[in-house]
A.B. asks: 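Can you read through this structure? Questions will come right after.
Computation of the quantities below employed the complete heavy-atom set of this structure, encompassing side-chain atoms and omitting hydrogens, waters and symmetry-equivalent molecules. Quick caveat, the model's predicted, so the values are computed rather than measured.
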Amino acid sequence: IGLRGMIDSTGIVTLHWPLGKDPDITGYRVYFANAADHEFSNITPYPIQDTVFVDTLNLNTLTKEIYYQIAAVDRNFNHSERSEILKLIKPDIVPPTTPLISKYFVTDTAVVLNIIPSSSDDVAQHILYRKGEKQNDWIKIKQFLFVNELKNQVVDNQVTGPNYYQYAVQAIDSAGNKSEFSPAVGVRVYKSTEDIQIDGLTAQYNQQSKSVSLKWNKPKADVSYYVIYRKVNQNRYENFASVDADKNSFEDKEILSVGEYQYGIKAIYKNGESKISLSAPVVISKP
């Protein structure tokens, strides 16, 4: 009776119990198992004559508990019934599995991430980190105390363009063990679409010159060049021409037939491009 014990941070188990009252006790046997309903194994080939036993455990395992029993042995090697089962909790030194960033997409104002959480069952929190292009250290930007929070997409709207960012996520378990950082994901955030988008695109047919004149407003950002698209009748838009950055007009002299013409324009920048802006349709009834 009275079996007690403890496990230190290095995996050393110390068991102790009071000396039995029977005068013919010659020693004790110690048994262990990894679960209370498993068969217990004898770890003392010969009965020990002390009331203290020291065991050594490997803490780098997924089992979190260990169970012990003892039995008294007399001079005729008769064994007593075993003691009540003693359950000891192992110190947790095993870090949780590493979470992952599986998908992402970027707008001019936000980065949206899909995170696969750690598969360890004792995770207490996940931490999302970000690092800018000119930053050496990771900055904690979000903390998630519940795995269910990661079922939805994670949005970081504290970004500005143009800039390059890296993201990583880490899991921390209930014992404070930290996983490795997930592989970093790099994303590039471009300038605001309000700055890079082209507006004011107009298209007008000139009967005398047999051409369509295009005009547009220059965007605020520095343009490398423009791409002109054209669609005739029900056909698809095609890449039609490129225009130098210092221009804000273009003349289409390749009007081959009557019909409906519609134009689009896109600005190309050093670190990205705008969406395509479309003109109103131009109907040409006479070539």
Side-chain angles (χ1 to χ4, degrees), residues 1-100 115-129 140 143-151 168-182:
I1 61 173
L3 177 61
R4 298 288 183 267
M6 61 171 292
I7 308 175
D8 70 14
S9 60
T10 65
I12 302 299
V13 181
T14 303
L15 303 176
H16 58 90
W17 57 91
L19 185 66
K21 297 179 180 180
D22 299 88
D24 61 345
I25 291 178
T26 190
Y28 299 88
R29 288 192 187 276
V30 181
Y31 303 82
F32 88 98
N34 288 318
D37 56 353
H38 287 185
E39 182 176 351
F40 280 69
S41 300
N42 177 18
I43 52 175
T44 48
Y46 301 97
I48 61 172
Q49 296 182 337
D50 202 346
T51 58
V52 176
F53 179 78
V54 177
D55 193 12
T56 302
L57 302 179
N58 177 11
L59 298 180
N60 289 303
T61 65
L62 296 179
T63 56
K64 302 182 184 303
E65 301 162 350
I66 190 165
Y67 299 82
Y68 290 97
Q69 285 182 302
I70 61 170
V73 182
D74 67 16
R75 296 188 186 98
N76 294 319
F77 280 86
N78 296 311
H79 288 61
S80 72
E81 292 184 9
R82 295 182 188 176
S83 67
E84 292 184 358
I85 295 173
L86 172 67
K87 180 176 78 171
L88 297 178
I89 307 298
K90 297 179 182 179
D92 185 3
I93 66 169
V94 179
T97 60
T98 304
L100 293 172
I115 297 175
I116 300 175
S118 169
S119 60
S120 299
D121 58 7
D122 61 345
V123 171
Q125 58 181 310
H126 288 80
I127 306 293
L128 179 64
Y129 295 90
K140 183 173 80 171
Q143 179 182 28
F144 306 94
L145 299 180
F146 303 99
V147 174
N148 286 342
E149 295 180 83
L150 299 176
K151 289 184 177 180
V169 62
Q170 183 183 50
I172 303 175
D173 67 18
S174 56
N177 299 308
K178 298 179 180 180
S179 74
E180 297 287 339
F181 273 42
S182 67

A.B. asks: Checking side-chain contact (heavy atoms from CB on, under 4.5 Å) for the pair Tyr31/Arg82: CA distance, chi angles, key distance, verdict?
C.D. replies: CA-CA 9 Å; Tyr31 303 82; Arg82 295 182 188 176; 3.4 Å; yes
A.B. asks: Compare every heavy atom of Ile89 with every heavy atom of Glu65, then report the nearest pair and how far apart it is.
C.D. replies: CG-CD1, 3.6 Å
A.B. asks: Ignoring hydrogens and geometry, is there a side-chain-to-backbone donor-acceptor pair from Tyr68 to Arg4 under 3.5 Å?
C.D. replies: no
A.B. asks: Between Phe181 and Val169, is there a side-chain heavy-atom distance shorter than 4.5 Å?
C.D. replies: no
A.B. asks: Using the side chain to side chain contact (heavy atoms under 4.5 Å, CB included) criterion, which residues pair with Asn58? Sequence neighbours excluded.
C.D. replies: Asn60, Thr61
A.B. asks: Please check this pair: side chain of Asp8 against backbone of Gly11, looking for a donor-acceptor N/O pair closer than 3.5 Å.
C.D. replies: yes
A.B. asks: Who passes ring-ring contact (aromatic ring centres under 6.0 Å, His included) against Tyr67, sequence neighbours left out?
C.D. replies: none
A.B. asks: Check residues 38-47 and write down every donor-acceptor pair under 3.5 Å in which the side-chain atom is one partner and the other belongs to a residue at least two apart or another chain.
C.D. replies:
residue : atom : partner : partner atom : Å
Asn42   : OD1  : Thr44   : N            : 2.8
Asn42   : OD1  : Thr44   : OG1          : 2.9
Asn42   : ND2  : Thr44   : O            : 3.2
Thr44   : OG1  : Val30   : N            : 2.9

A.B. asks: Does Lys140 have any side chain to side chain contact (heavy atoms under 4.5 Å, CB included) partners at least two apart in sequence or in another chain, and if so, which?
C.D. replies: Ile127, Tyr129
A.B. asks: Does Ser83 reach the main-chain N or O of Ile70 with its side chain, forming a donor-acceptor pair under 3.5 Å?
C.D. replies: yes
A.B. asks: May I ask you to test the Leu88-Leu86 pair for a side-chain heavy-atom distance under 4.5 Å?
C.D. replies: yes
A.B. asks: List in chain and number order the residues that pass salt bridge (Lys or Arg N to Asp or Glu O under 4.0 Å) with Lys64, two or more places apart in sequence or in another chain; answer none if no residue qualifies.
C.D. replies: Asp122
A.B. asks: Give, for atom OG of Ser80 and atom CG of Asp22, the distance between the pair rounded to the nearest 0.5 Å.
C.D. replies: 8.5 Å
A.B. asks: Ile66 versus Leu57: any side-chain heavy-atom pair under 4.5 Å?
C.D. replies: yes
A.B. asks: Taking all non-hydrogen atoms of both residues, which atom of Pro117 and which atom of Ile115 are closest, and how far apart?
C.D. replies: CD-O, 3.5 Å
A.B. asks: Distance-only, no hydrogens or angles: does the Ser182 side chain make a donor-acceptor pair with backbone N or O of Leu100 under 3.5 Å?
C.D. replies: no
A.B. asks: Is Ser118 reaching over with its side chain to a backbone N or O of Thr97, donor-acceptor style, under 3.5 angstrom?
C.D. replies: yes
A.B. asks: For Ile1, I'd like to know if atom CD1 has over 12 heavy atoms of other residues, nucleotides or ligands within 6.0 Å.
C.D. replies: no
A.B. asks: State the CD1-CG distance between Ile25 and Leu19, to the nearest 0.5 angstrom.
C.D. replies: 6.5 Å
A.B. asks: Would you say Asp74's side chain and Asn76's backbone share a donor-acceptor pair under 3.5 angstrom?
C.D. replies: yes
A.B. asks: What heavy-atom pair brings Gly2 and Pro18 nearest, and what distance separates the two atoms?
C.D. replies: O-CD, 3.6 Å
A.B. asks: For Trp17 and Phe53, I'd like to know if the aromatic rings sit close, meaning centre-to-centre distance below 6.0 Å.
C.D. replies: no
A.B. asks: Hey, does Asn177 have a side-chain heavy atom less than 4.5 Å from the side chain of Asp92?
C.D. replies: yes
A.B. asks: Which heavy atom in Gly20 sits nearest to a heavy atom in Tyr28, and how many Å separate them?
C.D. replies: N-OH, 2.8 Å
A.B. asks: Check whether any side-chain N or O of His16 sits under 3.5 Å from a backbone N or O of Thr14 as a donor-acceptor pair, and report yes or no.
C.D. replies: no
A.B. asks: Looking at Glu84, I want to see if its CD is surrounded by more than 12 non-hydrogen atoms of other residues, nucleotides or ligands under 6.0 Å.
C.D. replies: no
A.B. asks: Applying side chain to side chain contact (heavy atoms under 4.5 Å, CB included), can you list everything that pairs with Ser179, at least two apart in sequence or on another chain?
C.D. replies: Pro96, Thr98, Pro99, Gln170, Ala171
A.B. asks: Hey, what do you get for CD1 (Ile85) to CD (Gln69), rounding to the nearest 0.5 Å?
C.D. replies: 4.5 Å
A.B. asks: When you compare the side chain of Val54 with that of Ile12, does any pair of heavy atoms fall below 4.5 Å?
C.D. replies: yes
A.B. asks: Do you know the tightest heavy-atom contact between His126 and Val123?
C.D. replies: CE1-CG1, 3.5 Å
A.B. asks: Please name the pair of heavy atoms, one in Ile7 and one in Lys90, separated by the smallest distance, quoted to 0.1 Å.
C.D. replies: CD1-CA, 4.0 Å
